[in-house]
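One structure below.
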Protein chains: 2
Amino acid sequence: MPAAPVDQPEHRLAPLLDHLARRMRLRAETVLAPLGLRPRHLVALTVLRAQGGSSQQALAGTLAMDGTNIVGLLNELEAERLIERRRSPEDRRRHVVELTDAGARRLREAECALAAVEGEVLGALDPGQRETLYELLQQAATATPASCAEALRDAPGGAQTC
Amino acid sequence: MPAAPVDQPEHRLAPLLDHLARRMRLRAETVLAPLGLRPRHLVALTVLRAQGGSSQQALAGTLAMDGTNIVGLLNELEAERLIERRRSPEDRRRHVVELTDAGARRLREAECALAAVEGEVLGALDPGQRETLYELLQQAATATPASCAEALRDAPGGAQTC
DNA sequence: ACAAATGGTTCGCGCATCACCAACGATTAC
DNA sequence: GTAATCGTTGGTGATGCGCGAACCATTTGT
C-alpha cells in the first residue's frame with residue numbers, strides 16, 4: 001500500500017447546509033406566515049437582537065445583502081413597529097437600527113412557533129445534539145463577518161485549497 | 001423563587017441555519033460557476049451519490065421540490081452527461097436516475113473547489129468542529145425525509161409546541 | 001466656503017428560482 | 001377497457017435579489 005493516498009470521503013458540508021436550510025425554510029414560511037413574517041425578517045431580527053444599534057450598511061454586511069434591499073426589509077419591519085430607525089448622534093447621516101419591545105416580543109413568538117418546525121426537520125437529533133449544533137453554527141456565524149470580508153480582501157479572485 | 005420559569009434563551013437555529021447557508025451559497029455560486037454548476041445541482045448530485053438509483057419523484061421528495069422542476073434540473077445535468085436516466089425494469093414508467101462516472105468526477109471537483117469556501121465561511125471552526133458539524137447535519141438530513149412526511153401527515157394544520 | 005465623498009432612500013430593470021396548472025405519451029393496475 | 005401513475009413540456013405568476021441611476025442630507029477635505 002504505497003503512501004495510502006488518504007481517500008477522504010471529501011465530504012463538503014455546503015450542500016448539506018443548503019439542503020437542510022431549504023427544508024427548514026420551507027416549513028418555516030408556512031409557520032411564520034400567520035405572524036406576518038418571512039424567514040428573512042427573522043434573520044434580520046435575530047441579528048438585531050444580538051448586535052443592536054448597528055448602521056444599515058453594517059447590517060448589509062452581516063446579512064450579506066445589497067444595501068438597497070436592506071432598506072426594503074427594514075421598511076417592512078418598521079411598518080409593523082418591530083424596529084426603529086434613529087439618526088446617529090455622531091454622524092447624522094447614519095441610521096441606528098434597533099429592536100423595539102414589540103419587535104423583541106414578536107421575535108420570541110416566532111421562535112416559539114419555529115420550535116415545532118425544528119422538531120420536524122431535526123427530529124433525528126436529540127436535544128443535546130441540537131444544542132451543540134446551535135453552538136457550532138453560532139460560533140461560525142458570529143465570527144464570519146470579519147473573516148469573510150478578510151477572505152474577500154485577501155483573495156478576490158480565487159483561493160484554491162486543493 | 002416560584003417554580004423558576006426556565007428563562008430559556010429560546011434560541012432557535014432556523015435563522016442561524018438560514019443565515020449561514022446563505023453566506024455559503026453566495027460564495028459557492030461564484031466558485032461553482034466556472035464548473036458550470038449551481039448550488040442546486042450540487043445538492044442533487046450529492047443526494048444521488050448517497051442514494052443512487054432513485055426515481056424522480058423520490059428525488060422530488062428528498063429535495064422537497066416540485067416534480068416538474070426536478071425534470072428541468074435533471075435535464076441540465078443530463079445535458080452534461082453527469083447523470084443518466086434509465087427506465088426501471090419493474091415499472092417502465094419510472095426513470096431510475098444515477099450518477100455517471102463523469103458526474104462523480106465533477107462532483108469531486110466541485111467539492112474540492114468548495115473546500116475553499118468552507119474555509120472562508122467556517123473559518124471560526126477548527127477541523128474537528130467542522131467534522132462534528134458535518135455529522136450532525138448528515139444525521140439530520142438522512143433521517144428527515146421520513147420524519148418530515150410523517151410530521152406533515154400527522155399535523156397538517158399546526159403543531160404548536162409552546 | 002466650495003467640492004467631494006458618504007449613508008440612506010426610491011425607482012426600475014433584469015435574472016433566477018420556484019410552485020402551480022394543463023395537457024400529453026407511455027405504462028401499469030383494477 | 002378504464003382509471004391511475006410517472007415523466008415530460010409549456011406556460012403563468014409570485015418572489016427574491018443584485019444592480020444601476022438619481023436624489024437628499026450630512027460629513028469631510030482643502
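Quick note on labels: first sequence line is chain A, next is B, and so on, each numbered from 1.
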Legend entry - Distance test, side-chain N/O of N69(A) to OP1/OP2 of dC17(D), below 4.0 Å: no
Legend entry - Donor-acceptor pair (no angle test) under 3.5 Å: R92(B) side chain, dT27(C) base: no
Legend entry - Any R40(A) side-chain N or O less than 4.0 Å from OP1/OP2 of dC17(D): yes
Legend entry - Distance test, side-chain N/O of R38(B) to OP1/OP2 of dT17(C), below 4.0 Å: yes
Inset, instruction - Send over the distance from E76(A) CD to dG16(D) P, rounded to a whole Å. - result: 8 Å
Inset, instruction - Evaluate the side-chain proximity of L82(A) to L99(A): yes if any heavy-atom separation is below 4.5 Å, no if none is. - result: no
Inset, instruction - Quickly work out the L26(B) CG to dG16(D) P distance and round it to whole Å. - result: 16 Å
Inset, instruction - Could you tell me whether the phosphate oxygens of dG7(C), OP1 or OP2, come under 4.0 Å of any side-chain nitrogen or oxygen in Q57(A)? - result: yes
Inset, instruction - Count the heavy atoms of every other residue, nucleotide or ligand shown that sit under 6.0 Å from CG of D101(B), and state whether that count exceeds 12. - result: no
Inset, instruction - Answer with yes or no whether the hydrophobic clustering places L73(A) together with V96(A); edges join I, L, V, M, F, W, Y residues whose side-chain heavy atoms lie under 4.5 Å apart. - result: no
Legend entry - OP1 or OP2 of dA26(C) under 4.0 Å from side-chain N/O of H95(B): no
Legend entry - Interatomic distance, E90(B) CD vs dA29(C) C1' [rounded to whole Å]: 16 Å
Inset, instruction - Identify whether any heavy atom of A64(B) sits under 4.0 Å from a base atom; if not, whether one sits that close to sugar-phosphate; answer base, sugar-phosphate or nothing. - result: sugar-phosphate
Inset, instruction - Whole angstrom is fine here: how far is it from CZ in R87(A) over to C1' in dC24(D)? - result: 10 Å
Legend entry - Distance below 4.0 Å between N75(B) side-chain N/O and dT9(D) OP1 or OP2: yes
Inset, instruction - Please report, rounded to the nearest Å, how far the C1' atom of dC24(D) is from the CD atom of Q56(A). - result: 15 Å
Legend entry - SB check R38(B) E76(B) (cutoff 4.0 Å): yes
Legend entry - Phosphate-side-chain proximity, R85(A) and dG7(C), N/O vs OP1/OP2 below 4.0 Å: no
Inset, instruction - Would you mind reading off the distance between L74(A) atom CG and dG8(C) atom P, rounded to a whole angstrom? - result: 10 Å
Inset, instruction - Specify the closest pair of heavy atoms between P39(B) and R25(B), including all atoms of both residues, with the distance to one decimal. - result: CG-CG, 3.7 Å
Legend entry - Residue R81(A) excluded, over 12 heavy atoms near CZ under 6.0 Å: no
Legend entry - Closest-nucleotide 5' rank along DNA chain C - winner of M65(B) and R93(A): R93(A)
Inset, instruction - In whole angstrom, give the distance that lies between atom CD1 of I70(A) and atom P of dG16(D). - result: 14 Å
Legend entry - Side-chain N or O of R22(B) closer than 4.0 Å to phosphate OP1/OP2 of dC17(D): yes
Legend entry - Distance-only donor-acceptor test (3.5 Å): side chain T68(A), base dC17(D): no
Inset, instruction - Identify whether any heavy atom of A60(B) sits under 4.0 Å from a base atom; if not, whether one sits that close to sugar-phosphate; answer base, sugar-phosphate or nothing. - result: nothing
Inset, instruction - Nearest whole angstrom, please: distance from the C1' of dA19(C) to the CG of L73(B). - result: 15 Å
